[in-house]
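Worksheet for the structure shown next.
Residues take their numbers from the sequence shown, with the count starting at 1. Because the structure is a prediction, the values reported are computed rather than measured. Counting convention: from 1, in listed order, for ligands and their atoms alike.
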Amino acid sequence: MGLTHLFPEQASTLAPEVDHLLYFLVAVTVFFSLLIFCAIFYFAVKYRRRSDNELPHVQHTGYTLEILWSVIPFGITMVMFTWGAAVFFNAAKPPRDSIQIYAVGKQWMWKLEHLEGRREINELHIPIGRPVRLTMTSEDVIHSFYVPAFRTKQDVVPGRYSTVWFQATKPGKYHLFCAEYCGTNHSIMGGYVYAMEPQDYENWLSGGASEGSLAQNGQKLFESLACVNCHKVDHTGRCPSLEGVYGTTVKLSGGATVKADEAYIRESILNPQAKIVAGYEPVMPTFQGLVTEDQVLQLIEYVRSIGPKQVPGAASSSPAPADSKATPGAPPAKR
Ligand code: CUA
């Protein structure tokens with residue numbers, strides 16, 4: 001039993017970074033705690049009162065000591081700041097070529113959906129050696145997606161999307177927790193992340209994709225909810241065409257603009273009056289209560305699949321679904 005047993009396994013590229021920073025913080029803390037404790041002890045003995053009527057005589061020394069004990073801690077805290085910021089920014093920014101996976105938290109389970117269509121509950125299969133980006137939301141209260149072996153923890157908040165990314169470094173089965181108290185069964189809200197060799201992952205992924213990809217299911221919804229009647233591809237509908245819109249900047253009535261990202265699409269589905277595209281009437285009804293968070297994600301994934309091929313910041317590197325209507329080089333919708 002060594003010191004290593006105090007820490008969870010290191011199983012992601014982020015884990016050693018976080019641990020090294022922690023070791024540094026612990027070392028600095030221990031060093032100064034000991035230094036201060038020893039100094040107090042030494043001075044208490046050395047300058048103890050030796051007789052009842054003893055008066056200490058005041059000493060005036062230079063500023064050297066005061067400057068040193070201000071400048072040295074300042075330097076050390078700046079090291080902590082820049083080092084911590086570097087680790088934080090790295091942890092906050094998913095690489096471009098990340099695999100996109102969606103997660104929905106609800107009391108009390110994690111639902112995970114792969115773009116190719118495989119769905120899991122309280123289990124997440126990922127390949128090693130590739131960055132994975134999770135886009136997450138909640139159906140009810142705040143949860144927190146926590147994988148100690150990856151040193152990642154991210155709140156999952158109802159009504160908005162948060163992201164987390166990690167790259168597993170070795171195959172294995174790692175605990176997944178909810179790290180935000182979310183009600184009676186919070187403590188059992190969790191499961192396992194299975195990090196697999198890329199080939200095993202591919203096999204697993206193709207093992208149960210009969211339900212269709214996320215984008216395909218999104219397209220079916222788009223038709224069954226009659227979105228397609230107004231959002232016509234040829235721009236003749238009462239609502240803007242969604243072809244090529246994802247990731248572009250959309251002009252709104254009133255002159256403002258908005259980036260067509262996940263959050264904007266979600267808002268447009270659930271609260272369509274919030275932002276009206278320039279040149280269109282506010283005729284779209286809300287789908288609040290008619291679609292689940294999972295279905296909103298499917299619709300978003302459909303809109304993304306018909307978006308421009310190369311979207312800066314788009315995280316997916318998976319092939320477009322077979323029946324995607326994507327037209328490479330399609331001009332972004334003007335409105
Ligand atoms: Cu979900 Cu705690």
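In this structure, the side chains of Phe166 and Ile126 come closer than 4.5 Å at one or more pairs of heavy atoms.
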- I would like to know whether Tyr23 and Phe7 meet ring pair (Phe, Tyr, Trp, His ring centres under 6.0 Å); could you show each step before the answer? CA-CA 11 Å; Tyr23 297 152; Phe7 291 86; 5.5 Å; yes

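For atom 1 (Cu) of ligand 1, the set of protein N/O/S atoms nearer than 2.8 Å consists of His143 ND1, Cys178 SG, Cys182 SG, Met189 SD, ordered by chain and number.
Pairs passing the side-chain hydrogen bond (donor to acceptor under 3.5 Å, both in side chains) check and including a residue from residues 262-271, sequence neighbours excluded, read Tyr246-Glu262, Arg266-Glu293, Glu267-Lys275. Listed by first then second residue, pairs satisfying side-chain hydrogen bond (donor to acceptor under 3.5 Å, both in side chains) with a partner in residues 66-81 number zero, not counting sequence neighbours.
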With a 3.5 Å cut-off and sequence neighbours excluded, list the donor-acceptor pairs that the side chains of residues 168-180 form with protein atoms.
from: Thr169; atom 1: OG1; to: Ala11; atom 2: O; distance (Å): 3.2
from: Lys170; atom 1: NZ; to: Glu9; atom 2: OE2; distance (Å): 3.4
from: Tyr174; atom 1: OH; to: Lys170; atom 2: O; distance (Å): 2.7
from: Tyr174; atom 1: OH; to: Pro171; atom 2: O; distance (Å): 3.4
from: His175; atom 1: NE2; to: Tyr192; atom 2: OH; distance (Å): 3.3

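Remark: Glu54 CD is packed, more than 12 non-hydrogen atoms of other residues, nucleotides or ligands lying under 6.0 Å away.
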